[in-house]
Amino acid sequence: MDLLLNFADSHFFTPYVYPTFWPEDEPLRQIIGLLVITNLGATVLYLGLGSLSYYFIFDHNLMKHPQFLENQVRREIKFALTSLPWISIPTVALFFAEVRGYSKLYDNVSESPLGWPGLIFSMFSFLFFTDMCIYWIHRFLHHKLVYKRFHKPHHLWKIPTPFASHAFHPVDGFLQGIPYHIYPFLFPLHKVLYLGLYVFVNIWTISIHDGDYRVPRLLQKFINGAAHHTDHHLFFDYSYGQYFTLWDYLGGSYRHPSALMGKGPLECIRNLKSSLMVHEE
């Protein structure tokens, strides 16, 4: 995150915002800068990527489903934009620790313990590590003692749109984001790759809420896509994973997606239309 902070200092904060006598490496200034960058970045990624997905990928026929709520899109966006600033506060604390040099992030490939192979390996280990952690955090959030207070608001959206992707209670959103932030404190990771993975995580989170249930047949049992995650919203006890289905298999929570068996939300809508046509006749 120091790459973004340094860029913001050089092109915006130093010349236009802060007085010249305030050092760029002063802690309070760094915290303020990180808060601005984190909130602005999260909002732009959410609204920008969410809008692209909503207008070009999301199947708007899903809005005819009986469990699609009135004014749902507006409510999803409002909920997300209300939660993101609160989620950013503890997140910035972790970013601040990174900026102050407490993580294992590095600038150059030569600093990687294994060079280029280490950099490539870290990309895959990041995905598998975060997928494992999120699976168990997600299951914890479904425990009866915490579900109603923190995770239930996200399950309000039975038929989610891309804008439901970040519509979490702040505690829920931060807990499910922790694995992404603690990885570089445990394992070496290139700073540019970290930023790239951060963007990828946001894209993936939106994609599993986008209503595009198509998955290549060979990957259906391995990749946790929108079809899997929609079943999670509908049936509660299945598909807790983020990218992969591995931990759902190991944890006994795998369910082959109803949408891939011709029994999903779109089929429900077609059946309703058929019933209405028969009734009108």
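What's counted below: heavy atoms across the whole structure, side chains too, no hydrogens, waters or symmetry copies.
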Open item on the list: With side-chain contact (heavy atoms from CB on, under 4.5 Å) as the test, pick out the partner of F126 among F200, F121, F187, Y180.
Closed with: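 Considering F200, F121, F187, Y180, a side-chain contact (heavy atoms from CB on, under 4.5 Å) with F126 is found only for Y180.
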Open item on the list: With side-chain contact (heavy atoms from CB on, under 4.5 Å) as the test, pick out the partner of V99 among L3, L34, L94.
Closed with: L34
Task: Whether Y18 and F13 hold their rings parallel, tilted or perpendicular, with breakpoints at 30° and 60° - done: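 Ring orientation, 0 to 90° scale: tilted.
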Task: Parallel, tilted or perpendicular, as decided by the 30° and 60° cut-offs, for the rings of H151 and H155 - done: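 Judged by the thresholds at 30° and 60°, the geometry between H155 and H151 is perpendicular.
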- [ ] With sequence neighbours excluded, give me every salt bridge (Lys or Arg N to Asp or Glu O under 4.0 Å) pair touching residues 118-131.
- [x] none
- [ ] Would you check if the side chain of S10 reaches a backbone N or O of F7 as a donor-acceptor pair within less than 3.5 Å?
- [x] no
Task: Exam field: side chain H190 to backbone L105, donor-acceptor pair closer than 3.5 Å - done: no
Taking the side chain as everything from C-beta on, heavy atoms only, tell me whether [X] gets closer than 4.5 Å to [Y].
X: L28; Y: W22; value: yes
X: Y194; Y: E98; value: yes
X: I159; Y: L69; value: no
X: P153; Y: D172; value: no
X: P265; Y: T230; value: yes
X: W136; Y: W247; value: yes
X: L47; Y: I77; value: yes

Open item on the list: Minimum heavy-atom separation for C268 and H65, please, with both atom names.
Closed with: SG-NE2, 3.7 Å
Task: Nearest non-hydrogen partners of N224 and S239, listed with the distance - done: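 Smallest interatomic distance, heavy atoms only, reads OD1-CB, 3.9 Å.
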- [ ] Tell me whether the centres of the aromatic rings in H232 and H228 are closer together than 6.0 Å.
- [x]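 When the ring centroids of H232 and H228 are compared, they turn out to be at least 6.0 Å apart.
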Open item on the list: For residues 72-105, which residue pairs pass the ring pair (Phe, Tyr, Trp, His ring centres under 6.0 Å) check, not counting sequence neighbours?
Closed with: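 Passing the test, one end in residues 72-105: F95-H181.
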- [ ] Please collect all ring pair (Phe, Tyr, Trp, His ring centres under 6.0 Å) contacts where either partner lies in residues 250-270, sequence neighbours excluded, each pair once.
- [x] Y249-Y254
Give the table of side-chain donor-acceptor pairs shorter than 3.5 Å for residues 203-211, with sequence neighbours excluded, one pair per line with atom names and distance.
residue	atom	partner	partner atom	Å
W204	NE1	Q242	O	2.6
T205	OG1	V201	O	2.7
T205	OG1	Q242	NE2	3.4
S207	OG	W204	O	2.7
H209	ND1	T205	O	2.7
H209	NE2	H154	NE2	3.3
H209	NE2	H229	NE2	3.2
D210	OD1	D212	N	2.9

Task: Rounded distance [0.5 Å steps], CD in Q30 versus CG in L5 - done: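 If I round to the nearest 0.5 Å, the distance is 6.0 Å.
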Open item on the list: With clusters defined by side-chain heavy atoms of hydrophobic residues (ILVMFWY) lying less than 4.5 Å apart, directly or transitively, does I87 cluster with I89?
Closed with: no
Task: F129-F140 co-clustered via ILVMFWY side chain contacts under 4.5 Å - done: yes
- [ ] Verify side chain to side chain donor-acceptor pair (under 3.5 Å) between T14 and E24, making sure each step is shown before the conclusion.
- [x] CA-CA 8 Å; T14 297; E24 291 184 357; 2.6 Å; yes
Task: D9 vs R29, salt bridge (charged side-chain N to carboxylate O under 4.0 Å, His left out): CA-CA, chis, key distance, verdict - done: CA-CA 10 Å; D9 277 333; R29 172 172 165 162; 3.0 Å; yes
- [ ] Test L141 against Y240 for side-chain contact (heavy atoms from CB on, under 4.5 Å), laying out the working first.
- [x] CA-CA 10 Å; L141 287 164; Y240 296 102; over 6 Å; no
Open item on the list: For Y238, I'd like to know if atom OH has over 12 heavy atoms of other residues, nucleotides or ligands within 6.0 Å.
Closed with: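 No.
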Open item on the list: How about CZ on R149, more than 12 heavy atoms from neighbouring residues, nucleotides or ligands closer than 6.0 Å, or not?
Closed with: no
Open item on the list: Using a 4.5 Å cut-off between side-chain heavy atoms of Ile, Leu, Val, Met, Phe, Trp and Tyr, which other residues end up in the same hydrophobic cluster as F236?
Closed with: Y147
TODO: Test ring-ring contact (aromatic ring centres under 6.0 Å, His included) on F244 and Y135 and set out the steps.
DONE: CA-CA 10 Å; F244 312 113; Y135 176 84; over 10 Å; no
- [ ] Show your reasoning for whether side chain to side chain donor-acceptor pair (under 3.5 Å) applies to Y183 and S122.
- [x] CA-CA 10 Å; Y183 179 93; S122 67; 5.1 Å; no
- [ ] Can you run down the side-chain hydrogen bond (donor to acceptor under 3.5 Å, both in side chains) pairs that involve residues 42-54, sequence neighbours left out, and say none if there aren't any?
- [x] none
